[in-house]
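Naming convention: chains lettered A, B, ... in sequence-line order (proteins, then strands); numbering from 1 in each chain.
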Amino acid sequence: MPESQSNSPPGAQTAAPPAPAASSATAVGALPNPVKGAVQKPNVAYPFAAPQAPIWPAVYGEPTLPRPAPESGKLVKFKLNGKELEVPAGTNLIEAARGQGVSIPYYCYHPGLTPAGNCRMCLVEASNSKKPITACTTPVTDGLEIITDSDSVKKARAGVLELMLINHPLDCPICDKSGECMLQDHTFAHGKDRSRMVEPKELKHTKDLGKDIIIWGNRCIVCTRCVRFCEEIAGTGELCVVERADHSVVDVFDGYPLQNNLSGNVVDICPVGALISKDFLYQARVWFQKKTDSICTACSRGCNVEIQTKDNRIKRLVARHNPRVNDYWMCDHGRYDVDYVLGENRALGYRLGTARPADAAKVLVRALGEVARSRGPESLGVVASAFQTNEELFLARTLADALGIPRQNLAAWARPDGREEIFKSGFRISADKNPNRSGARKLLGADAFERLPGLVERVESGQVTGLLVFSDRPHFPFGSGDVESRLAQASAKLAALVVFELERGGAGLESAIVLPATAFSEKDGTMVNDSGRVQRLRPATDIPRGIRPELDILQDALVVLTKRDRVLAASGVFRELAPALGIAGSTYNDVGKLGISAGGGA
Amino acid sequence: MGAIDYKSFEKVLLKHVDHPDSATLEHYLAHGGYEGARKALGTLEPDQLIELVKASNLRGRGGAGFPTGLKWSFVPKATKKPKYLVVNADESEPGTFKDRIILERDPHQLIEGILIAAHAIQAHTVYCYIRGEFVKGYRVLEKAVEEAYAKGILGESVFGTNFRCDLTVHRGAGAYICGEETGLLSSLEGKRGQPKIKPPFPAVEGLFRCPTVVNNVETLACLPHILVRGVEWFKSIGPEKGPGPKLLCVSGHVERPGTYEVPMGISLKALIYDLCGGIWKGRQLKAVIPGGSSAKVLRADEVDVGMDFDSLMAKGTMLGSGGVIVMDDSTDMVDALYNVLRFYHHESCGQCTPCREGTGWLEKIVGRIRAGHGRMEDLDLCLEICDMMVGKTICVLADAAAFPCESFIRKFRGEFEERIRQGSGHTRAVFPSQGGPLVQVGAISAHNQEKLQELERHA
């Protein structure tokens with residue numbers, strides 16, 4: 001019986017801990033082949049693929065959307081490199097310049113954190129000061145004039161860079177951050193390629209800071225982004241700077257290691273390779289990775305992420321900026337709980353009796369159709385899941401309608417609630433550990449989840465003898481959970497049980513028709529988060545060979561049963577279901593990378 | 001400007017310090033103590049007091065020389081936030097020991113100055129941040145504060161008026177950077193003593209984000225005298241733009257080192273050769289640092305200058321905190337510079353890149369030159385590093401490290417070059433000189449020397 005504990009993902013049976021030291025210890029080549037005997041087709045022209053996003057001059061990992069200007073709304077006159085502009089008063093200079101396409105280099109500034117002004121990289125000439133000022137700590141005031149491209153500014157930048165590099169180890173060949181490192185990018189753009197430092201360098205500690213984070217102190221440039229993050233966003237303040245002068249380095253206090261559930265973000269925001277994730281250590285070079293914008297499915301918040309994969313394996317998740325959902329951050333639960341996608345328990349095989357996998361839809365229709373013919377459509381039921389995309393839910397409902405299944409037999413299930421965590425900045429980890437409960441409610445009815453116990457009773461009493469079940473909740477194979485285990489026990493009575501399963505090991509499936517389900521990184525579709533935002537998942541990994549996604553199988557079944565004459569891609573299905581979400585006429589283009597708000601749907 | 005007459009100058013700040021009881025309240029009151037504070041609290045409005053101090057042209061004695069009255073006038077009057085007065089008794093500038101004398105021997109003079117300043121900016125809470133190493137000064141000051149509370153000079157109603165003034169003495173813990181005003185405020189707030197970005201200036205947003213004025217001990221000690229003896233008297237001492245009595249701490253190779261109270265603008269030559277008895281042991285003057293180690297050095301031929309803010313600035317250096325360090329011709333300038341740079345490297349807070357890395361690099365380079373492994377290009381490299389540091393940092397510790405480095409190398413370049421050429425006698429330079437020959441590490445044995453010569457012959 002899984003408990004709702006905070007730090008471990010629900011489902012203690014097969015769960016791996018969120019900081020999977022074990023899995024990162026195995027080399028890439030030692031992971032099991034997803035499908036035995038299948039040939040792994042590389043997904044890019046390896047290894048000379050062009051990077052997906054320009055790495056230079058756009059600095060990797062830096063948010064591409066400017067921080068929204070302050071609410072004052074009052075416009076002031078401001079001169080940037082001689083050009084007259086009008087911007088809202090109080091706009092940060094770096095953002096104001098970014099809005100004009102002028103990039104001011106920086107390390108310690110982050111739009112999501114209070115500015116520190118200690119790296120001194122963003123120095124610009126200003127009309128209100130004899131000495132150069134840091135752009136990140138300066139809000140725009142009326143009549144301010146700044147110059148970002150004069151010789152003295154360039155000299156200042158080159159000077160700061162040279163000084164920053166004198167104690168920085170030449171670790172690029174072995175540093176994870178290489179390829180997405182701000183120090184590399186800015187040195188390439190503004191610095192020199194030679195060092196004049198011949199003295200012995202300062203050495204600092206390499207230390208495990210707790211949870212998933214190691215710090216390579218030698219590389220730390222003491223920008224204090226991580227310190228400010230733990231203080232302001234997480235509110236826990238475990239990190240601090242110790243020592244003085246060039247012995248300064250980031251550390252934790254004795255006995256108080258990094259423990260908060262947002263700790264993975266410090267690796268994202270570290271501008272250099274000082275803070276390293278143990279999970280991702282030495283796993284892949286960033287330029288070999290394929291990057292896909294998607295959303296996290298560990299809870300109903302739906303934080304926007306970028307799934308980075310190499311050779312079809314998820315290497316890591318990185319948070320994407322979405323001011324409406326997750327700002328710049330994501331939690332550790334979602335970040336690290338992805339091993340199940342190609343894990344040992346992944347169900348990859350069809351159990352269709354003597355039929356071929358290509359005829360899976362026909363088998364499904366035949367099994368359920370027989371029950372409908374012999375006992376009537378009231379003896380059929382569908383159990384959808386809160387992990388399915390809106391497209392899959394819509395097709396399940398359409399199939400149920402085509403078979404004539406009454407609404408009360410159309411239920412949905414979800415993972416049990418975990419613990420809600422609200423951090424100092426307001427970032428919330430939802431207690432609802434399912435990504436699409438809202439979508440299921442909108443598409444299957446507001447009481448979809450409440451119908452489940454009734455359906456199970458009808459199975460137990462023999463009223464319902466045919467079930468279509470979507471058992472794709474991670475760490476929750478068929479039969480785990482109170483109500484679900486009763487269903488598993490009663491499954492022996494069913495004449496037809498068709499199960500889409502994600503993880504093997506479910507009880508009660510001995511005589512079932514089993515089809516493999518797709519995982520979140522393989523799905524193309526949308527989900528609705530707990531604030532009613534429709535967000536897009538994009539496929540990041542290929543569906544394991546030989547498997548057809550639920551989207552296709554359900555549409556095949558509909559082709560057999562109804563007048564439907566084609567199998568559409570997910571975007572086509574979305575256009576069909578958009579009215580039900582209250583966004584009739586919207587397409588995937590409208591959903592875009594940041595999602596759209598769903599209206600009140602049918 | 002004529003030469004300042006220092007011979008007939010009567011001591012003002014150090015008038016009573018030779019008396020064994022000078023630190024007691026009894027002695028202070030018996031000699032007309034707290035009259036200035038009474039006058040300020042009794043007869044002057046805060047605005048009038050600020051105008052008075054502005055008119056006196058009193059400039060801060062902590063190092064920056066900012067006009068005190070002007071600094072007080074920056075405090076916003078219409079604010080609901082409490083205002084704070086912070087006394088900077090963290091005397092850490094190398095070569096400076098003037099505040100120490102006031103703290104240890106005439107603390108009531110300071111307390112009276114505090115009252116006047118507190119009244120001017122309407123601060124009811126005063127913190128005195130005293131350097132942790134001044135154990136004796138702390139004890140004496142604490143006792144003086146107790147005496148003042150007992151006699152109603154500090155506390156709920158100062159001198160029976162409705163003005164409340166609470167003074168807390170807070171000890172530092174050994175960081176030079178906590179003498180920088182915003183570093184001091186950070187330390188007082190309980191955080192790491194790291195300076196804050198200015199603007200906003202402490203007068204607007206300082207301690208606990210409330211308006212704060214930070215004043216040096218000597219500056220505050222001048223205030224009672226201005227109040228009692230008048231602005232005209234004060235302005236008559238030394239140059240008009242920066243007048244008043246000045247405590248100069250002379251250390252180094254003079255016959256009579258110590259703290260001297262002189263009128264502002266006294267000739268440095270007169271200070272060294274007349275008041276301090278000239279260079280000791282019959283030696284010759286080589287160099288003088290006029291304002292604490294952060295000031296640029298003056299050669300022996302440059303000491304004909306008045307010791308005041310503007311004259312020294314015109315000469316390319318600064319009065320700073322008034323710590324005069326005299327070096328005779330036995331001084332190795334490379335050693336002296338290394339000592340100074342080691343201090344700044346140790347004391348850098350590490351917040352911003354140029355100072356954090358630059359001070360360490362400068363120390364290492366000059367240390368290497370001192371040890372005999374210098375290269376000719378190291379001198380220009382040091383000058384370039386100084387250029388990278390000055391004006392690019394959060395506080396001026398980087399400037400304070402770069403000024404001595406740059407001035408020593410510029411003014412005594414021959415000595416540095418000679419040191420580089422000499423090496424240390426045994427080991428040769430190990431670091432590649434651009435375009436130079438490859439040389440061997442370590443002491444070369446006779447046998448290997450022969451081999452090396454053979455190789456060089458055949459190369």
Side-chain angles (χ1 to χ4, degrees), chain A residues 107-108 114-123 125-126 128-134 136-139 141 152-153 155-168 183 194-202 220-224 227 231 240-250, chain B residues 174-177 191-200 342 344-368 373-375 377-378 380-382 384-394 396-399 401 429-434:
Chain A
Y107 295 106
C108 67
T114 54
N118 59 39
C119 71
R120 313 309 281 182
M121 191 62 193
C122 61
L123 290 169
E125 275 178 32
N128 62 356
S129 163
K130 281 185 298 244
K131 302 195 280 191
I133 58 164
T134 45
C136 65
T137 54
T138 314
T141 47
S152 74
V153 170
K155 198 153 165 260
R157 283 180 194 157
V160 168
L161 264 173
E162 179 168 11
L163 289 168
M164 198 174 277
L165 288 167
I166 59 168
N167 282 315
H168 196 82
L183 196 54
R194 301 293 139 109
S195 176
R196 297 188 279 187
M197 165 80 162
V198 296
E199 329 296 332
K201 295 195 181 214
E202 289 298 322
C220 179
I221 58 170
V222 204
C223 68
T224 64
V227 175
E231 185 63 52
C240 63
V241 179
V242 298
E243 300 281 349
R244 222 164 48 181
D246 48 13
H247 311 291
S248 309
V249 71
V250 167
Chain B
Y176 168 67
I177 192 61
K191 304 177 190 156
R192 278 165 66 90
Q194 290 185 324
K196 305 181 205 182
I197 302 228
K198 295 190 277 201
R342 203 172 50 162
Y344 287 108
H345 174 215
H346 185 63
E347 297 292 342
S348 166
C349 77
Q351 216 188 154
C352 58
T353 307
C355 175
R356 178 179 73 235
E357 312 289 348
T359 49
W361 198 6
L362 285 174
E363 188 208 334
K364 285 178 187 161
I365 296 177
V366 175
R368 183 163 49 80
H373 305 303
R375 313 164 295 173
E377 53 265 35
D378 284 336
D380 288 323
L381 178 59
C382 282
E384 267 192 65
I385 298 171
C386 293
D387 215 13
M388 283 185 226
M389 288 165 66
V390 171
K392 315 262 178 7
T393 48
I394 296 178
V396 291
L397 192 146
D399 299 25
V430 305
F431 303 101
S433 220
Q434 290 177 5

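Looking at B:Asp387, the atoms closer than 4.5 Å to chain A (heavy atoms on both sides) all sit in the side chain, from C-beta outward. At a 4.5 Å heavy-atom cutoff, the contact between A:Ala116 and chain B is made by backbone atoms alone. With a threshold of 4.5 angstrom between heavy atoms, B:Ile394 approaches chain A through its backbone and through its side chain. In this structure, the portions of B:Glu347 lying under 4.5 Å from any heavy atom of chain A include both its backbone and its side chain. Residue A:Thr224 does not touch chain B at all, counting heavy-atom pairs closer than 4.5 Å. With a threshold of 4.5 angstrom between heavy atoms, B:Ile365 approaches chain A through its backbone and through its side chain. Looking at A:Glu202, both its backbone and its side chain come within 4.5 Å of chain B, counting heavy atoms on both sides. For a residue to count as touching a neighbouring chain, one of its non-hydrogen atoms must lie under 4.5 Å from one of that chain's; by this rule A:Val249 does not touch chain B.
In terms of heavy-atom pairs under 4.5 angstrom with chain B, the leader among A:His247, A:Lys155, A:Met164 is A:Met164. By number of non-hydrogen pairs under 4.5 angstrom with chain A, the leading residue of B:Glu384, B:His346, B:Arg192 is B:Arg192.
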Take B:Lys392 and A:Lys131 through the test side chain to side chain contact (heavy atoms under 4.5 Å, CB included) and record every step on the way to the result. CA-CA 7 Å; B:Lys392 315 262 178 7; A:Lys131 302 195 280 191; over 6 Å; no
For B:Arg356 and A:Asn167: C-alpha separation, side-chain torsions, deciding distance, then whether side chain to side chain contact (heavy atoms under 4.5 Å, CB included) applies. CA-CA 10 Å; B:Arg356 178 179 73 235; A:Asn167 282 315; over 6 Å; no
Show, in sequence, the C-alpha distance, side-chain angles and deciding distance for A:Cys119 and A:Val160, and conclude whether the side chain to side chain contact (heavy atoms under 4.5 Å, CB included) test is met. CA-CA 8 Å; A:Cys119 71; A:Val160 168; 5.9 Å; no
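In this structure, B:Tyr344 and B:Tyr176 have perpendicular ring planes: the angle between them is above 60°, well past the 30° mark.
In this structure A:Ile166 satisfies the side-chain contact (heavy atoms from CB on, under 4.5 Å) test together with A:Met197, B:Glu357, B:Trp361, sequence neighbours excluded.
The closest side-chain heavy-atom distance from B:Pro195 to B:Cys349 is below 4.5 Å.
Here the OG-CD distance, from B:Ser348 to B:Gln194, works out to 9.5 Å after rounding to the nearest 0.5 Å.
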